[in-house]
Amino acid sequence: MNILSIQSHVAYGHVGNASAVFPMQRLGVEVWPIHTVQFSNHTGYGAWKGRVFDGGMIDEVMEGIAERGVLPSCDGVLSGYMGSADIGHAILSAVERVRAANPKALYCCDPVIGDVGRGIFVRPGIPEFMREQAVPAADIVTPNQFELELLTDIAVKTIADAHRATEALRDSGPKVVLVTSLSTNETPDDAMDMMASDAKGSWRVRTPKLDVSLNGAGDAIAALFFTHYLREGSAAAALAKASASIYGLLKRTKEAGSREILMVAAQDEFVTPSHQFVPEPV
Ligand SMILES: Nc1ncnc2c1ncn2[C@@H]1O[C@H](COP(=O)(O)OP(=O)(O)O)[C@@H](O)[C@H]1O
Ligand SMILES: Cc1ncc(COP(=O)(O)O)c(C=O)c1O
Ligand SMILES: [Mg+2]
């Protein structure tokens, strides 16, 4: 399986492609990473060095990949943080090129816009770009609850609200939705929920809430869910496997007291997770 992953990249630590590529490789995927930024570290440190690339660089690298004659073997495109609408447009044109070469290829858009407590942390224009262009173009989307509410203008307090918001997203284009960090009136204070929906229904997984806040978890779960969905064709199966891996990864990161996800040291969690969670229909 081959996946084109167009995301940010950091030299030290794990966010963007530095969080998404290795889990997919460890699951046996050939990943073609295109970096939209090259930073020293993620922006959560408050200081970083490096450059933001432009859409033209993405176009250029795509042209080079196309010249190798391999686009027909691309099974999926994954996108995450978008630094500018220019980069966003380049990502969507890359998706078009892949779909023209392989009509069966799927596009998974992680609509990185913001989060509870942080608010919107992307540049002006990106929320609108995600709502009006990227999400409608996607087959799969992986918003957190804050992003789901913002994309649909639906406040999510109950699982019924989550259903309504998810169906509103599915009506706009993507047929598969993973909602991460879901917390409804049914979610215990010491737990975190995720809900995955496709044409066959919706399923929820509940994991213990760890006393950590780790950058890169959203990028990792999007990569894990997309890989498993491409293989299994089932939102429920992908949710079960992705939630097991992300929980095991973050639990071992917390136990080690690491500020960065233990992407390499805890790599067994991608293939033989130490915890299992059974999705329940909701
Ligand atoms: N503190 C935590 N405890 C347990 N699981 C967590 C924690 N933080 C993140 N996760 C897991 O990682 C997933 C994605 O993390 P999150 O930070 O919500 O992504 P995003 O960057 O999209 O907001 C969550 O749905 C959850 O499964
Ligand atoms: C450069 C970069 N890319 C991506 C992310 C996304 O990280 P997360 O998965 O926590 O949303 C961050 C978060 O700080 C970042 O700084
Ligand atoms: Mg996210």
Side-chain angles (χ1 to χ4, degrees), residues 5-21 23 35-53 78-83 87 108-123 126 130 141-151 162 177-183 187-196 204-225 238-255 259-261 263 269 273 275 277 279:
S5 181
I6 311 177
Q7 304 197 50
S8 49
H9 186 67
V10 292
Y12 173 79
H14 298 285
V15 295
N17 269 331
S19 177
V21 169
H35 303 325
T36 58
V37 308
Q38 165 67 68
F39 288 164
S40 53
N41 50 269
H42 70 67
T43 57
Y45 287 94
W48 65 92
K49 303 288 185 198
R51 306 270 170 89
V52 178
F53 300 127
L78 174 63
S79 73
Y81 179 85
M82 295 182 185
I87 285 175
C108 178
C109 173
D110 179 10
V112 178
I113 295 171
D115 208 344
V116 173
R118 293 174 70 182
I120 294 175
F121 55 67
V122 293
R123 286 188 185 163
I126 294 297
M130 288 292 187
V141 288
T142 60
N144 59 36
Q145 181 169 340
F146 174 88
E147 291 155 350
L148 176 66
E149 294 179 336
L150 192 139
L151 288 168
V177 179
L178 170 70
V179 184
T180 67
S181 292
L182 178 66
S183 180
T187 312
D189 291 343
D190 63 352
M192 286 184 103
D193 290 345
M194 277 192 281
M195 187 177 89
R204 175 178 61 194
V205 152
R206 178 162 293 157
T207 75
K209 182 185 286 184
L210 297 161
D211 182 18
V212 286
S213 177
L214 288 159
N215 297 75
D219 304 319
I221 191 81
L224 289 163
F225 182 81
L239 176 63
K241 293 187 173 181
S243 58
S245 292
I246 198 72
Y247 180 73
L249 182 72
L250 298 184
K251 186 166 185 290
R252 286 174 63 173
T253 300
K254 173 179 171 20
E255 288 163 354
R259 179 168 183 179
E260 293 288 346
I261 290 178
M263 198 60 70
E269 296 296 331
H275 302 267
F277 301 98

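Residue numbers run from 1 in the order of the sequence given. Just so you know, ligand 1 is whichever comes first in the structure, and atom 1 is the first atom listed for that ligand. Side chains are part of it too, since the values below use all heavy atoms of this structure and drop only hydrogens, waters and symmetry mates. Keep in mind the model is a prediction, meaning the values are calculated, not measured.
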Please confirm whether the backbone N or O of [Y] pairs with a side-chain atom of [X], one donor and one acceptor, at under 3.5 Å?
X: Q7; Y: L78; answer: no
X: S181; Y: N144; answer: no
X: S245; Y: E269; answer: yes
X: T36; Y: S8; answer: yes
X: S19; Y: G16; answer: no

Is there side-chain contact between P111 and T142, with at least one heavy-atom pair below 4.5 Å?
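When only atoms from C-beta onward are counted, T142 and P111 do touch, with a gap below 4.5 Å.
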Side chain proximity check, V122 to Y81, heavy atoms < 4.5 angstrom
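In contact.
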Ligand 1-proximal atoms of [X], by part, heavy-atom distance under 4.0 Å:
X: P208; answer: backbone
X: V212; answer: both
X: L250; answer: side chain

Under 3.5 Å donor-acceptor pairs involving side-chain atoms of residues 207-217, not counting sequence neighbours:
none

Atoms of ligand 2, numbered as shown, that sit under 4.0 Å from any heavy atom of [X]:
X: A217; answer: 9 (O)
X: S8; answer: 1 (C), 2 (C), 3 (N), 4 (C)
X: N215; answer: 10 (O), 13 (C), 14 (O)

Please list, in number order, the atoms of ligand 1 under 4.0 Å from a heavy atom of [X].
X: N144; value: 20 (P), 22 (O), 23 (O)
X: I246; value: 12 (O), 27 (O)
X: L210; value: 1 (N), 2 (C), 3 (N), 4 (C)

Sub-4.0 Å heavy-atom contact, D219 with ligand 2:
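Per 4.0 Å heavy-atom rule, D219 contacts ligand 2.
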Run down the list K209, M192, M194 and name the one with the heavy atom closest to atom 2 (C) of ligand 1.
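Heavy atom nearest to atom 2 (C) of ligand 1 belongs to M192.
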I'd like to know whether the aromatic ring centres of Y45 and H42 sit less than 6.0 Å apart in this structure.
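Ring centroids of Y45 and H42 are less than 6.0 Å from each other.
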Say whether G218, considering both its backbone and side-chain N or O atoms, lies within less than 3.5 Å of an N or O atom on ligand 2.
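Among all N and O atoms of G218, at least one is under 3.5 Å from an N or O of ligand 2.
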Can you find an N/O atom of G216 closer than 3.5 Å to an N/O atom of ligand 2?
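Indeed, backbone or side chain, G216 has an N or O that close.
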May I ask you to check if ligand 1 and D115 share an N or O to N or O distance below 3.5 Å?
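Yes, D115 has an N/O under 3.5 Å of an N/O on ligand 1.
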